[in-house]
2 protein chains.
Amino acid sequence: MSKQHKSLALIDLNADAPCCPPLAQSQVPAETAAVLAPAFKALGDPVRLRLMSMIASAEDGEACVCDLTPAFNLSGPTISHHLKTLREAGLVDAERRGTWVYYRARPQILRQLAALLSIEPVAAATA
Amino acid sequence: MSKQHKSLALIDLNADAPCCPPLAQSQVPAETAAVLAPAFKALGDPVRLRLMSMIASAEDGEACVCDLTPAFNLSGPTISHHLKTLREAGLVDAERRGTWVYYRARPQILRQLAALLSIEPVAAATA
DNA sequence: GCCCTGTCTCGACGTCCGTCGAATCAGAGA
DNA sequence: TCTCTGATTCGACGGACGTCGAGACAGGGC
């Protein structure tokens, strides 16, 4: 098989450790920005931000589309579209169980985004 | 009709303390989402994410447009437009000193965004 | 098999966004 | 004052986005 140049898989959004130092500590390289920006973009819509929160804060760690949809004054297809956006941004996972589809948050990438934004009092490696 | 003015200042993006609990801890209310989503949206473009990082990680805490622009293969007006977007999202401040304009990050809102995304083992007010 | 319910895909529509060049504004200096 | 440089605003263009209704797909129950 060829190199499968997925081009941007340089950064593993599934890794457990933060992929990169805080944005305020060292300049984010162009490639990293290209990978992470879509995740922020996905969170850049009020509907998706609420969906993300509803999923991430759900009781069993997962939420059914059938519970998500009625929380908004939007059509089913529209909610489905937003969920797809979150999925493609790597923020959530979907699983079908029988008639229903359940969505589950991916804590790793959330952690990475949080780490990127973090502005620690910098017990900085003064090295 | 365009009442869509900044009537959403319910949440103080300048506050020092996080405005709200982590997204994964309790559901983000619609009003909060409406206020914070634009900030994520502003970071949802690779150019702006890099600009934000360049500003936030700058030596003296501030960066001159004249230093920012040449780092991209984009026209001056385009960079200016992105900086305006960051400004309107409350992520940076601008100050003119003589001929040059300097941009400075607002750590508070970055902290709030990071707090919202944080998935801590919740040393939360377990008091 | 048939139908019903839940979810996603498709195509369309209007709006917003990223980019540019040209024009304009703000200071510094001669 | 006039000019030069740096930065923003303006107007335009193409492409992407958010939304919808109609239709397709998946599973369960009859």
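Throughout, a chain's letter reflects where its sequence line sits, starting with A, and its residues are numbered from 1. Computation of the quantities below employed the complete heavy-atom set of this structure, encompassing side-chain atoms and omitting hydrogens, waters and symmetry-equivalent molecules.
Of the possible donor and acceptor atoms, one in the side chain of B/S53 sits under 3.5 Å from a partner among the backbone N and O of A/L23.
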| task | Go through the steps to decide whether B/M54 and B/Y103 satisfy the test side chain to side chain contact (heavy atoms under 4.5 Å, CB included), and finish with yes or no. | result | CA-CA 10 Å; B/M54 293 175 74; B/Y103 280 76; over 6 Å; no
Next item on the list: Evaluate the criterion side chain to side chain contact (heavy atoms under 4.5 Å, CB included) for residue pair B/L116 and B/Q112; output intermediate values, then yes/no.
Entry: CA-CA 6 Å; B/L116 192 75; B/Q112 296 196 1; over 6 Å; no
B/I55 and B/L83: side chain to side chain contact (heavy atoms under 4.5 Å, CB included), yes or no, with the steps? CA-CA 10 Å; B/I55 295 169; B/L83 288 171; 4.0 Å; yes
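Residue A/G76 is out of contact with every strand shown, counting any heavy-atom pair closer than 4.0 Å. Base engagement by A/H81 is indicated by at least one non-hydrogen atom pair under 4.0 Å involving a base atom. Within 4.0 Å (heavy atoms only), B/I79 reaches no atom of the nucleic acid at all.
The side chain of B/S80 places no N or O atom within less than 4.0 Å of a non-bridging phosphate oxygen (OP1 or OP2) of D/dA7. In terms of phosphate contacts, A/S75 brings no side-chain nitrogen or oxygen within less than 4.0 Å of OP1 or OP2 of D/dT19. At C/dC17, none of the side-chain N or O atoms of A/K41 fall inside 4.0 Å of OP1 or OP2 (strictly under the cut-off). Applying the 4.0 Å criterion to OP1 and OP2 of D/dT8, one finds that B/Y103 has a side-chain N or O inside that range. Applying the 4.0 Å criterion to OP1 and OP2 of C/dT19, one finds that B/H82 has a side-chain N or O inside that range. Between A/T99 and C/dG6, a side-chain N or O to OP1/OP2 separation shorter than 4.0 Å is absent.
The distance between atom CG of B/L51 and atom C1' of C/dG18, rounded to the nearest whole Å, is 13 Å. Put simply, CZ on A/R97 is 17 Å from P on C/dG6, counting in whole angstrom units. Note: CD (B/E95) to P (D/dA7) measures 14 Å, nearest angstrom. If you take CG of B/L86 and C1' of C/dC17, they are 14 Å apart, rounded to a whole angstrom. D/dG6 atom P lies 16 Å from atom CG of B/L83, rounded to whole Å. The CZ-C1' distance, from B/R96 to C/dA28, rounds to 11 Å in whole Å. Distance CZ (A/F72) to P (D/dT19): 10 Å, rounded to an integer number of Å. Separating the CG atom of A/N73 from the C1' atom of D/dC20 is a distance of 14 Å, rounded to the nearest angstrom.
You'll find the side chain of B/K84 reaches within 4.5 Å of the side chain of B/E88, heavy atoms only.
The side chain of A/D45 lies closest to D/dG18 when the candidates are C/dC17, C/dG6, D/dG18. For B/V47, counting side-chain heavy atoms from C-beta on, the closest listed nucleotide (D/dG6, C/dT19, D/dT8) is C/dT19. The B/L74 side chain lies nearest to C/dT19 when the options are C/dT7, C/dC8, C/dT19. Set against D/dC20, D/dG6, C/dG6, the side chain of B/W100 has D/dG6 as its closest nucleotide.
Under the 6.0 Å distance and 45° angle rule, B/R97 counts as a cation-pi partner of B/Y102.
Remark on DNA chain D: of its neighbouring residues A/P77 and A/R48, the 5'-side contact belongs to A/R48, judged by nearest-heavy-atom nucleotide.
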